[in-house]
Amino acid sequence: MSYQHVVLPEQGRKLSVSDDGRLQVPDNPVLGFVEGDGIGPDITRACMRVWDAAVAKAYGGKRRIHWCELYMGEKAAGLYDGDYFPAETLAAMQDLLVAIKGPLTTPVGEGFRSLNVSLRQKLDLYACVRPVRHYEGVPSPMKAPQKVDVVIFRENTEDVYAGIEFASGSEQNGQLSGFLRDTLGANFFDDAGLGVKPISPFASKRLVRKAIEYAIEHNRESVTLVHKGNIMKYTEGAFRTWGYELAREEFPEQTITEDELYAHHGGKVPEGKIVIKDRIADIIFQLMLLRPEEFDVIATMNLNGDYLSDAIAAQVGGIGIAPGANIGDNVAVFEATHGTAPKYAGQDKVNPGSLMLSGVDMLEYIGWKEAADLIRLAYPDVVKAGIVTYDFARQMEGATEVSTSGFGDALIERINNTLDLDEVARQRAERRRRQKEERREREQRRIEAPEEEMVASGRKPTTVGHIMKRSLITVTADTTVDQAMKLMREQGVSSLLMEPGEDGEWGIMTHHDVLSRVVRGNRTSAEATVGDIATRPVIRVSSDASLSDCVEVMMKHSIRRLLVERDGEVVGIASETDLATAVEQFGWVRAE
């Protein structure tokens with residue numbers, strides 16, 4: 001492929017994708033880079049030297065990155081007659097498969113969209129991946145920032161970022177508002193600006209798939225689906241539903257739900273399993289402050305992910321050191337997550353941490369984990385020694401303030417002269433040991449005090465599936481009432497389910513049925529069968545039905561129990577007692 005301004009290195013080889021979808025990385029790969037605008041050139045130059053030094057140290061010169069400069073932003077506009085995002089840059093990123101970029105300026109004016117948003121959508125980089133962890137020595141406003149170690153998977157292509165919106169007073173706005181009011185019966189104030197929030201099963205499931213694959217590959221404990229489904233039931237609530245469906249359909253051997261964790265495993269995670277759970281969006285912000293160690297991988301929609309990733313980054317030192325990547329099925333573009341800071345451009349002053357650590361994630365992405373770990377070890381050691389850029393120096397006692405390039409020099413010196421691969425392996429093993437110990441401690445709390453842990457970890461029931469009893473006690477229609485009563489006494493329950501007959505309908509026998517249909521009916525309990533007195537059919541609800549909806553169904557039909565089904569299969573039973581217990585343990589919050 002020929003280019004106008006992009007020059008491919010002669011000695012390097014391009015990455016490729018195998019037939020089974022795996023990235024194939026040669027020892028001399030060509031990787032793309034975009035310097036970026038403002039402070040971009042300063043931080044890019046410093047970071048590339050550090051990445052190259054780590055690769056050289058880790059592999060003794062047997063591996064080397066061949067860098068290929070690509071152009072976006074202001075530098076591209078100067079080369080391509082004002083085009084901030086030239087087509088050949090897009091083509092080169094698709095050709096090279098992996099690239100990294102500094103911060104970019106989006107020109108102000110009509111017709112220009114964010115270059116970052118455009119890049120994600122044109123290359124279908126549907127997963128914005130933001131690992132957030134604390135490095136020892138980095139200033140933080142938190143008492144225990146070391147508890148934060150989470151990877152956020154933010155859906156990149158849908159939600160309000162799809163850009164489907166219509167200005168107040170425009171012709172399109174009038175057409176849409178008329179349709180919403182006249183055809184769909186919607187009610188909203190006149191002259192409201194209107195936007196559309198698309199959330200699809202396709203985009204939701206491929207994001208959750210990537211999050212689960214990451215969790216499996218990196219030995220993470222859980223994947224949490226973050227949503228506001230209690231209000232936006234058909235968009236964010238659907239995201240949650242589709243996420244659980246994807247885990248159940250594609251990863252049945254590797255995942256269990258949080259409900260199953262408590263109902264079937266007593267809070268103990270089975271070996272080799274990842275827990276799939278969900279949390280309401282506003283609650284997760286509290287939990288990431290109070291119990292951040294409860295969360296490993298988060299999968300969420302575009303807007304939630306935007307807010308959440310920046311908020312959590314603030315807990316460990318700020319967005320200035322937060323790494324990020326935009327990843328599709330084959331193409332990945334890593335990036336600095338902060339802005340261009342034009343007032344510091346060319347001053348060799350700012351913290352290169354965000355781009356630096358994004359490059360570390362890039363090294364890990366291509367399978368060069370040894371080089372990535374060298375930088376991960378060197379970075380906190382340099383910061384703890386007080387060798388930092390101005391932003392950290394003003395927060396630390398006795399710090400030595402250095403330039404952007406000076407910080408890079410300190411990292412390279414640490415990598416070359418102090419660290420060795422044995423230390424990398426030891427630190428990696430120690431990290432795994434601490435991780436296992438922390439998991440055992442959380443597991444023990446779940447086993448010893450499950451209700452308290454549910455409340456503390458934000459697991460408040462919102463659907464009937466959260467409170468139902470999964471262990472169904474069933475009998476056949478020809479079971480005698482005496483036999484059934486004995487079983488009820490042994491199991492400590494007040495009802496039994498009658499297995500469906502030819503009509504496919506379940507039945508239920510309760511203590512009330514025995515009193516009203518046997519005792520009051522002057523029948524013999526040894527002769528009467530469950531089929532004689534059971535109530536049929538039993539009202540069913542979906543496991544995704546809200547607790548409020550369940551109460552409405554019970555009141556409407558004057559019943560005290562419901563069968564719970566998923567995909568047409570009965571999976572549990574819920575009673576008035578279960579609902580009342582949920583209110584007692586978790587409280588009841590009125591609808592917002």
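- With a 4.5 Å cut-off on side-chain heavy atoms, I276 and F251 do not count as touching.
- Note that R133 lies in the cation-pi zone of Y135, set by a 6.0 Å cut-off to the ring centre and a 45° limit from the axis.
- Atom CD of E249 is surrounded by more than 12 heavy atoms from other residues, nucleotides or ligands within 6.0 Å.
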Quick one, L180 with L194, criterion side-chain contact (heavy atoms from CB on, under 4.5 Å). Give me CA distance, side-chain angles, the key distance, then yes/no. CA-CA 10 Å; L180 292 173; L194 298 175; 4.2 Å; yes

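- With hydrogens and angles disregarded, a donor-acceptor distance shorter than 3.5 Å links the side chain of H227 to the backbone of G229.
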Pair V333-I100, side-chain contact (heavy atoms from CB on, under 4.5 Å): steps then yes or no: CA-CA 5 Å; V333 179; I100 191 165; over 6 Å; no

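- Under a cut-off of 6.0 angstrom, the local environment of CG in D19 is sparse, with at most 12 non-hydrogen atoms contributed by other residues, nucleotides or ligands.
- In summary, the side chains of D329 and Y126 do present a donor paired with an acceptor at a separation below 3.5 Å, with no hydrogens or angles considered.
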Do Y307 and F285 pass the ring-ring contact (aromatic ring centres under 6.0 Å, His included) test, and can you show the C-alpha distance, the side-chain angles, and the key distance before you say yes or no? CA-CA 9 Å; Y307 294 152; F285 281 90; 7.1 Å; no

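- A distance of 5.0 Å separates CG of L308 from CD1 of I298, quoted to the nearest 0.5 Å.
- Tested against K101 for a side chain to side chain donor-acceptor pair (under 3.5 Å), the candidates N116, N326, T44 yield a single pass: N116.
- Annotation: side chain of L119 is in contact with side chain of M93 (closest heavy-atom distance under 4.5 Å).
- Side chains of P292 and V150 form no contact here, defined as non-hydrogen atoms less than 4.5 Å apart.
- A donor-acceptor contact closer than 3.5 angstrom links the side chains of E155 and T157.
- Side-chain polar atoms of D578 and T581 form no donor-acceptor pair below 3.5 angstrom.
- Remark: side-chain polar atoms of S354 are paired, donor with acceptor, to backbone N or O of T337 under 3.5 angstrom.
- With hydrogens and angles ignored, the 3.5 Å screen pairs no side-chain donor or acceptor of H557 with any backbone N or O of V553.
- Residues N302 and R154 bring a donor and an acceptor atom of their side chains to less than 3.5 Å of each other.
- Remark: the backbone N or O of L70 is not paired with any side-chain donor or acceptor of T89 at under 3.5 angstrom.
- Checked by atom type and distance alone, the side chain of S177 pairs as donor or acceptor with a backbone atom of N173 at under 3.5 Å.
- For the atom pair CZ of R561 and CE of M554, the computed distance is 8.5 Å after rounding to the nearest 0.5 Å.
- The number of heavy-atom neighbours closer than 6.0 Å to NZ of K277, taken from other residues, nucleotides and ligands shown, is above 12.
- R446 has no carboxylate O lying under 4.0 Å from a charged side-chain N of E294, or vice versa, which leaves the two without a salt bridge.
- Geometrically, K228 does not engage F239 in a cation-pi contact defined by less than 6.0 Å to the ring centre and at most 45° from the axis.
- The shortest side-chain heavy-atom distance between R376 and E364 falls under the 4.5 Å cut-off.
- Looking only at atom types and distance, the side chain of Y161 has a donor-acceptor partner in the side chain of D306 under 3.5 Å away.
- A donor-acceptor pair under 3.5 Å is absent between the side-chain atoms of S140 and the main chain of G317, judged by distance alone.
- One N or O on the side chain of E158 and one on the backbone of S200 form a donor-acceptor pair closer than 3.5 Å.
- For the atom pair C128 SG and N156 CG, the distance stands at 5.0 Å (nearest 0.5 Å).
- Judged by the 6.0 Å and 45° rule, R209 forms no cation-pi pair with F153.
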Would you please test K205 and E250 for salt bridge (Lys or Arg N to Asp or Glu O under 4.0 Å) and show each step? CA-CA 10 Å; K205 287 187 174 183; E250 297 189 15; over 6 Å; no

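- D149 and Q435 form no side-chain donor-acceptor contact under 3.5 Å, judged by distance and modelled atom types alone.
- When all heavy atoms of P103 and G339 are compared, the pair lying nearest together is CB-O, 3.4 Å.
- Of the possible donor and acceptor atoms, none in the side chain of Y80 sits under 3.5 Å from a partner among the backbone N and O of A87.
- Counting only heavy atoms from C-beta outward, the side chains of P145 and Q315 never approach each other to under 4.5 Å.
- At most 12 heavy atoms of other shown residues, nucleotides or ligands fall within 6.0 angstrom of atom CG in N187.
- Rounding to the nearest 0.5 Å places CG of D282 at 9.5 Å from CG of N304.
- Between the side chain of D159 and the backbone N or O of M301 there is no donor-acceptor pair closer than 3.5 Å.
- Look at D310 and R130 and you find a salt bridge, because one of the NZ, NE, NH1 or NH2 atoms lies within 4.0 Å of a carboxylate O, short of that distance.
- K147 and E438 are not joined by a salt bridge, as no carboxylate oxygen comes within less than 4.0 angstrom of a charged side-chain nitrogen.
- Side-chain contact between D278 and Y244 is present, with at least one heavy-atom pair separated by less than 4.5 Å.
- Panel note: side chain D37, backbone E74; a donor-acceptor pair is recorded below 3.5 Å.
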Stepwise, does the side-chain contact (heavy atoms from CB on, under 4.5 Å) test hold for L31 with L15? CA-CA 8 Å; L31 302 183; L15 282 67; 3.8 Å; yes

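- A salt bridge is absent between K233 and D544: the closest approach of a Lys/Arg side-chain nitrogen to an acidic carboxylate oxygen does not fall below 4.0 angstrom.
- Note that CD1 of I366 is 12.0 Å distant from CG of D361, once rounded to the nearest 0.5 Å.
- Closest non-hydrogen pair, G328 versus L125, comes out as N-CD2, 3.7 Å.
- For the residue pair P198 and I164, the shortest heavy atom distance occurs at CG-CD1, 4.2 Å.
- The pair E69-K75 meets the salt-bridge criterion, since a charged nitrogen lies less than 4.0 angstrom from a carboxylate oxygen.
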Do R206 and D124 pass the side-chain contact (heavy atoms from CB on, under 4.5 Å) test, and can you show the C-alpha distance, the side-chain angles, and the key distance before you say yes or no? CA-CA 12 Å; R206 68 177 181 175; D124 198 24; 2.8 Å; yes

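- Under the 3.5 Å distance criterion, with hydrogens and angles disregarded, no donor-acceptor pair is assigned to the side chains of T257 and D259.
- Taking the side chain as every heavy atom from C-beta outward, R220 and I274 never approach each other to under 4.5 Å.
- Shortest non-hydrogen contact noted between V226 and T300 is O-OG1, 2.8 Å.
- A salt bridge is absent between E260 and K273; no separation between the charged side-chain nitrogens and carboxylate oxygens falls under 4.0 Å.
- The shortest side-chain heavy-atom distance between R279 and E258 falls under the 4.5 Å cut-off.
- Across all their heavy atoms, D567 and R248 have their closest contact at OD2-NH2, 3.4 Å.
- Here the closest non-hydrogen pair linking M72 and V34 is N-CG1, 3.9 Å.
- Once rounded to the nearest 0.5 Å, the distance linking OG of S546 with CD of E552 reads 9.0 Å.
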